[in-house]
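Everything quoted here is computed from the prediction, not taken from an experiment.
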Amino acid sequence: MSTATEAAADTRKRKGGLSDRAKGERSLGWKLAGPAFVIMLLVTLYPIAYAIYLSLFSYRLTDPSARKFVGLQNYVTALGDGLFWEAFMTTFFIVVVTLVFELILGFAIALLMNKVVLPRRTLRTIVLIPYAIITVVSAFAWLYAAQPDTGFINHWLHTLSFGAWDLNYDWFGGRWSALFIICLSEIWKTTPFVSLLLLAGLAQVDGAMEEAAKVDGASWWQRLTKVILPNMKAAIMVATLFRTLDAVRIYDNPVVMTGGANKTTTLSMLVGRETVERVEIGMGSALAVILFIIVLIIAGIFVKGFKVDLAGGGRS
Amino acid sequence: MTGRTPPRRSAAFIAATALVASMGLAACGSDDSAGGTPTLTWYINPDVGNADPSAAKGGQAYLAKRCADGSKGKYKIKVQLLPNDASDQRLQLLRRLAAGDKTMDIMSVDPAFSTEFAAADYYAPVPDNLQAQFKQDRVQSSVDASMYKDKLVSVPFWANTQLLWYKKSVAQKAGLDPQNKPVTWDQLIEAAKKTNTQIGVQAKLYEGYAVWINALITSAGGAIVENPGETYDNLKLGIDSAAGKKAADIIRKVATSGVAGPAIGSSTETESLGLFDGRNGGFLVNWPYTYGALANTDKKDVGAALYPRVSAGEESKPPYGGIQLAVGKGSKHADLAYQAISCITNQENQTIYMTKSGNPASRKKVFDDAGVEKAFPGGIAKLIRENLDNAAPRPLTQYWGDISLALQQRFSPPGALTPQTPASTQKYIGEVLNGKALL
């Protein structure tokens, strides 16, 4: 008991014992960041709290008088519904597939960008172009490319397969072929982002270490797996985390391409449909909260489980 | 001195920003500043003119200008363009209405969603002295679609219905004469197979697919909702019926026999029109704008007929569409808005609108106009009028939005429908309406 009070007094003393300069810096820090912090709280915390509150009601915007407190019923309904789990599976299928391909391709492009010296800036700009395109626009581009009437994909495959490919193949007519195009579009669009993050990681790898490994007779593969990859683990983890969280919230591509037909509805689309289209504010909020918790869990797994240090960058 | 300048400059900057921001807000908020002529806002759905008020276009924006000019300074009308898709139009109107937007003076509302707004009490009541005028000379289907609980809640503006469009050469080759002898869906499928041509339909996951499903079920003598006025817990659905099974069967046949083109599941009005306008196009069910929109086809070869039947002995019930005009409850000028609507929907303006935009009038006399017959030659004007008499609106229930979404989803993909689909769809819609399942 006494030791605890002593310790507390000790910290208080130490806190009070900050130098004037440190105090001044701290207060300046609060002054600079304070307003932004307050605004952040207002614009994020309030809507989140309000969504949690609304999720406990059966509430339809077109019928406000029938608003009724239902407790956790919305969550029970959502989690017990086949459609929710179908959307869950679709979403995570997209997450896993896009992530694997983006990391491999992104790493290959990063290696290339790291080595190429001459048109370095031009190359980096070119690689970034897909990422600069608005997702909805790229979704429409891929939609038109894959549709049998306007698209060229079927024509190319037809030519490349010497006529074996059906010119009228309907990519959006089945679940897996539609998901294939959706994933392709996602990968095309966000690989540049991943490659840029990985390039930053590659730049951190000490060239001397690589050279030392080379002198010691390590093969290219050994240098890659024993020297380069371990030293850029932090960058890989940050890229994976960002892309996972992004992909979990995927909305634009499937909305534009299939509108959710053929079991391609993702979790975000489900939230949008309940809240915006059906104006079932209660159920929509419950789904939004569930999606929020899923995102929190993923972030938690990465930060705690894989010890990703978002602030430090270098350490892991 | 120099040390003081930056704060002052920043203060001036903040002041300037605040000023600009408040000016912007003021520009958004006030419409009839300083007690001048009140400005009514009319939310229009896209048409030939969109926001262009010129007489050459003759769209809703032109009618707005005509009526405002004719009001002798009583009101001005500003048009706001709604999104393209019926579902998106509903969304924007619904969100504005729910948020209590004060600018909802006049709205162009799709009849399918009008009931939902009326049930939510979003409309300003139609004045008693105008009720008779708003029903006068209207085709029955348009009046039906404007009612909620036996009261007129919106005003029939233009009335739409789908026709069967066909290429005369193809029909002849297949031995059909749709204009004089109504055809069935089965005959169409056979004809398309025989002539190696295609039938344009709408089966993407959107409102247009629900339009098709509803038309098939009503044409088979059924109804998706048997008691449309009821609340969700008492609603009786008629999808799980002989008519529902027949509808599912026809959709499956159209999709699997290969006559609906390669991408039936992503086909809207635009795609199906493109299919018909292409080399292999043979038949198409679509709205009357089709005739004006054909670009590659020789119009002499294009015929129109009554909507296809489900069974040979029973008259078809073509889909009813069109636009109702309604006044939002929050409108500050509801009386003026109804005066403006009275002008917009008078015979002269409806004639102009039908001739220029290709959207059929809800007033019967308009169809006798010489200009209208010229715009829809070869008896098409008369045919539309005839079709409108038989047309069946989508169920006038406030839950149509949900029912439509659920129908579209469960009836998708069109090629995989089974005789069990109607029963499972009906069960699912019941669960959705009672909050027991997600949509």
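For B/Tyr122, the part lying under 4.5 angstrom from a heavy atom of chain A is the side chain only. Residue A/Leu143 does not touch chain B at all, counting heavy-atom pairs closer than 4.5 Å. The parts of A/Phe84 that come within reach of chain B are both its backbone and its side chain, each placing non-hydrogen atoms under 4.5 angstrom from that chain. Interface remark: A/Gln147 contributes side-chain atoms only to the contact with chain B (heavy atom separation under 4.5 Å). Of the atoms belonging to A/Ser58, not a single heavy atom falls under 4.5 Å from chain B. Only the side chain of A/Val279 comes within less than 4.5 Å of a heavy atom of chain B; its backbone N, CA, C and O stay farther away.
Considering only heavy-atom pairs separated by less than 4.5 Å from chain A, the leading option among B/Arg90, B/Arg95, B/Lys204 is B/Arg90. Annotation: maximal heavy-atom pairing with chain B below 4.5 Å, among A/Gln73, A/Lys263, A/Glu280, A/Glu277, occurs at A/Glu277. Annotation: maximal heavy-atom pairing with chain B below 4.5 Å, among A/Asp170, A/Asp81, A/Asn168, occurs at A/Asp81. The candidate from A/Asn262, A/Thr265, A/Asn74 with the greatest count of non-hydrogen atom pairs under 4.5 Å with chain B is A/Asn262.
The number of heavy atoms from other shown groups lying within 6.0 Å of NZ (B/Lys253) is above 12. Heavy atoms of other residues, nucleotides or ligands lying less than 6.0 angstrom from CH2 of A/Trp85 number more than 12. The 12-atom threshold is not exceeded at CZ of A/Phe101, counting heavy atoms of other residues, nucleotides or ligands nearer than 6.0 Å. Within 6.0 Å of CZ in A/Phe152 there are more than 12 heavy atoms belonging to other residues, nucleotides or ligands. Other residues, nucleotides and ligands contribute only 12 or fewer heavy atoms inside 6.0 Å of the CD1 atom of A/Ile134. Atom CG of B/Asn196 is surrounded by 12 or fewer heavy atoms from other residues, nucleotides or ligands within 6.0 Å.
Identified by a heavy-atom distance below 4.5 Å to chain A, the contributing residues of residues 401-412 of chain B are B/Asp402, B/Leu405, B/Gln409, B/Ser412, in residue-number order. Proximity to chain A at a heavy-atom threshold of 4.5 Å picks out B/Ala263, B/Ser266, B/Glu271 from residues 263-275 of chain B, in numerical order.
Atoms OG1 and CD, from A/Thr62 and B/Gln398 in turn, are 8.0 Å apart once rounded to the nearest 0.5 Å. Rounding to the nearest 0.5 Å gives a distance of 10.0 Å between CZ of A/Arg60 and OH of B/Tyr232.
Put simply, the side chain of A/Leu61 does not reach to within 4.5 Å of the side chain of B/Leu94, judged on heavy atoms. Put simply, the side chain of B/Tyr428 reaches to within 4.5 Å of the side chain of A/Leu83, judged on heavy atoms.
A pairwise comparison of heavy atoms in A/Leu270 and B/Leu439 identifies CD1-O, 4.0 Å as the closest pair.
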* Asked: Does the pair A/Arg273 and B/Leu438 meet the rule for a side chain to side chain contact (heavy atoms under 4.5 Å, CB included), with working shown?
  -> CA-CA 10 Å; A/Arg273 196 185 296 150; B/Leu438 292 177; over 6 Å; no
